[in-house]
A.B. asks: 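First the structure, which I've put down as structure tokens, then a few questions once you've had a look.
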Amino acid sequence: MCSFFKNKKVLKAVANGWVIPIELVNDLVFSSKMMGDGFAITNHDGMIYSPLEGVVDNIFPTLHAITIKSKSGELCLVHMGIDSVRLKGLPFSVKVKERQYIKTGAPLAEMDISILKKEEIDPVVIVVLPEIEKGKLLVKEQEVVLQEEIFKF
């Protein structure tokens with residue numbers, strides 16, 4: 001196999017849903033790429049899976065965000081909901097532990113969409129690479145299935 005394919009770095013869909021460019025996320029910190037480049041998924045069922053293989057680096061105390069360090073060293077942030085931090089973990093059930101090695105597609109968390117909707121919180125899932133300023137969205141504003149290649153970096 002040629003080395004181009006060995007060095008291919010992609011993030012995969014973290015859920016079945018609708019992919020949108022990060023610029024369309026309704027949060028200036030993410031949409032302006034202050035946190036790095038990436039994508040978001042809306043209209044999902046609340047089951048969230050790992051976009052890449054690596055080690056769970058950090059689970060935020062409020063359970064709304066998980067960072068994963070890829071095999072090649074890049075950090076990936078999976079952020080669940082806009083302003084969901086204020087719910088102090090209530091709508092989230094995390095399925096991994098810090099320092100756990102996970103494969104692409106491993107279950108990360110489950111979001112209770114009904115709680116988020118009741119609290120008027122956007123349940124969008126945002127996936128960003130804090131250390132990557134520019135990547136390439138492979139699909140835009142369309143339905144995606146779990147583990148579909150979404151973002152190249």
Side-chain angles (χ1 to χ4, degrees), residues 1-60 62-85 91-111 113 116 121-153:
M1 185 180 275
C2 93
S3 64
F4 170 80
F5 293 105
K6 287 182 182 174
N7 294 327
K8 182 179 175 186
K9 295 180 184 181
V10 296
L11 296 177
K12 296 188 175 183
V14 295
N16 294 313
W18 189 266
V19 70
I20 61 171
I22 197 147
E23 296 88 352
L24 296 182
V25 170
N26 194 19
D27 183 312
L28 188 59
V29 171
F30 290 107
S31 63
S32 67
K33 298 186 182 181
M34 278 191 255
M35 293 292 296
D37 204 357
F39 63 94
I41 295 184
T42 63
N43 300 327
H44 57 83
D45 66 4
M47 295 299 301
I48 310 304
Y49 300 86
S50 181
L52 74 171
E53 186 174 351
V55 175
V56 177
D57 182 65
N58 187 29
I59 299 168
F60 287 61
T62 50
L63 310 180
H64 75 289
I66 298 170
T67 56
I68 303 162
K69 188 159 200 145
S70 75
K71 288 191 331 180
S72 53
E74 293 87 6
L75 205 57
C76 177
L77 170 68
V78 178
H79 188 280
M80 298 172 279
I82 303 280
D83 294 328
S84 56
V85 66
F92 307 108
S93 173
V94 175
K95 311 292 185 192
V96 293
K97 293 181 169 78
E98 288 182 356
R99 294 180 292 289
Q100 178 182 341
Y101 178 81
I102 56 173
K103 293 194 177 243
T104 307
L108 286 181
E110 185 173 356
M111 303 168 65
I113 303 292
L116 293 167
I121 291 176
D122 183 347
V124 64
V125 178
I126 305 158
V127 181
V128 296
L129 295 160
E131 300 155 349
I132 305 292
E133 289 182 25
K134 185 119 175 90
K136 180 181 181 189
L137 196 56
L138 302 173
V139 292
K140 294 180 185 174
E141 297 185 66
Q142 69 183 47
E143 199 167 317
V144 293
V145 294
L146 182 63
Q147 298 304 292
E148 184 174 335
E149 291 186 354
I150 302 293
F151 188 83
K152 186 177 176 184
F153 63 101

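Just so it is clear, the structure is predicted and the values come from calculations on it, not from any experiment.
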A.B. asks: For N26, does the CG atom have more than 12 heavy-atom neighbours from other residues, nucleotides or ligands under 6.0 Å away?
C.D. replies: no
A.B. asks: Would you indicate whether the side-chain heavy atoms of V139 and E148 approach each other to under 4.5 Å?
C.D. replies: yes
A.B. asks: Would one find more than 12 heavy atoms of other residues, nucleotides or ligands at under 6.0 Å from atom CD of E133?
C.D. replies: no
A.B. asks: What pair of heavy atoms forms the shortest contact from P51 to V127, and how long is it?
C.D. replies: CG-CG1, 4.1 Å
A.B. asks: Which residues satisfy the side chain to side chain donor-acceptor pair (under 3.5 Å) test with T67, sequence neighbours excluded?
C.D. replies: D57
A.B. asks: With a cut-off of 6.0 Å (strictly less than), are more than 12 heavy atoms of other residues, nucleotides or ligands near CG of D45?
C.D. replies: yes
A.B. asks: Could you tell me whether a side-chain N or O of D37 sits under 3.5 Å from a main-chain N or O of I132, the two making a donor and an acceptor?
C.D. replies: no
A.B. asks: Could you check if a side-chain atom of D83 sits within less than 4.5 angstrom of a side-chain atom of V85, using non-hydrogen atoms only?
C.D. replies: no
A.B. asks: Could you grab the distance from atom NZ of K69 to atom NZ of K71, nearest 0.5 Å is fine?
C.D. replies: 15.0 Å
A.B. asks: Within the side chain of D27, is there an N or O that forms a donor-acceptor pair under 3.5 Å with the backbone of I82?
C.D. replies: no
A.B. asks: How about P91 and M111: do any of their side-chain heavy atoms sit closer than 4.5 Å?
C.D. replies: no
A.B. asks: Please report the closest heavy-atom contact between V144 and A13, naming both atoms and the distance.
C.D. replies: CG2-CB, 4.1 Å
A.B. asks: So, for A109 and I66, which heavy atoms are closest and what is the spacing to 0.1 Å?
C.D. replies: CB-CD1, 4.4 Å
A.B. asks: Tell me whether the rings of F153 and F151 are parallel (<30°), tilted (30 to 60°) or perpendicular (>60°).
C.D. replies: parallel
A.B. asks: Once you round to the nearest 0.5 Å, how far does SG of C76 lie from CG of L129?
C.D. replies: 5.0 Å
A.B. asks: Looking only at non-hydrogen atoms, find the nearest pair between G38 and I22 and report the distance.
C.D. replies: O-CB, 3.6 Å
A.B. asks: Are the side chains of E141 and P21 in touch, meaning some heavy atoms are under 4.5 Å apart?
C.D. replies: yes
A.B. asks: Is there side-chain contact between E98 and N58, with heavy atoms separated by less than 4.5 Å?
C.D. replies: yes
A.B. asks: Looking only at heavy atoms, which two atoms of I48 and A15 are closest? And how far apart?
C.D. replies: CD1-CB, 4.3 Å
A.B. asks: What is the distance from atom CD of E131 to atom CG of L77, rounded to the nearest 0.5 Å?
C.D. replies: 11.0 Å
A.B. asks: Measuring from atom CG of L116 to atom NE2 of H64, what distance do you get when rounded to the nearest 0.5 angstrom?
C.D. replies: 12.0 Å
A.B. asks: Supply the atom-to-atom distance L75 CG to I68 CD1, rounded to the nearest 0.5 angstrom.
C.D. replies: 9.0 Å
A.B. asks: Judged by atom type as modelled, is there a donor-acceptor pair below 3.5 Å linking the side chain of Q142 to the main-chain atoms of V19?
C.D. replies: no
A.B. asks: Taking everything shown except K95 itself, do over 12 heavy atoms lie less than 6.0 Å from its NZ?
C.D. replies: yes
A.B. asks: To check you understand the geometry: which heavy-atom pair defines the closest contact between I59 and V56, and what is its length?
C.D. replies: CG1-CG1, 3.9 Å
A.B. asks: Only one of L52, I150, V78 clears side-chain contact (heavy atoms from CB on, under 4.5 Å) with L11; which?
C.D. replies: L52
A.B. asks: Run the side chain to side chain donor-acceptor pair (under 3.5 Å) test against S72 and tell me which residues pass, sequence neighbours left out.
C.D. replies: S70, E74
A.B. asks: Hey, could you give me the OG1/CD distance between T42 and E143, rounded to the nearest 0.5 Å?
C.D. replies: 10.0 Å
A.B. asks: Can you check whether V128 reaches K33 side chain to side chain, under 4.5 Å on heavy atoms?
C.D. replies: no
A.B. asks: Are the side chains of K140 and I20 in touch, meaning some heavy atoms are under 4.5 Å apart?
C.D. replies: no
A.B. asks: Would you call L108 and V14 a side-chain contact if the rule is heavy atoms closer than 4.5 Å?
C.D. replies: no
A.B. asks: What ring-ring contact (aromatic ring centres under 6.0 Å, His included) pairs are there with at least one residue in residues 20-39, not counting sequence neighbours?
C.D. replies: F30-H79
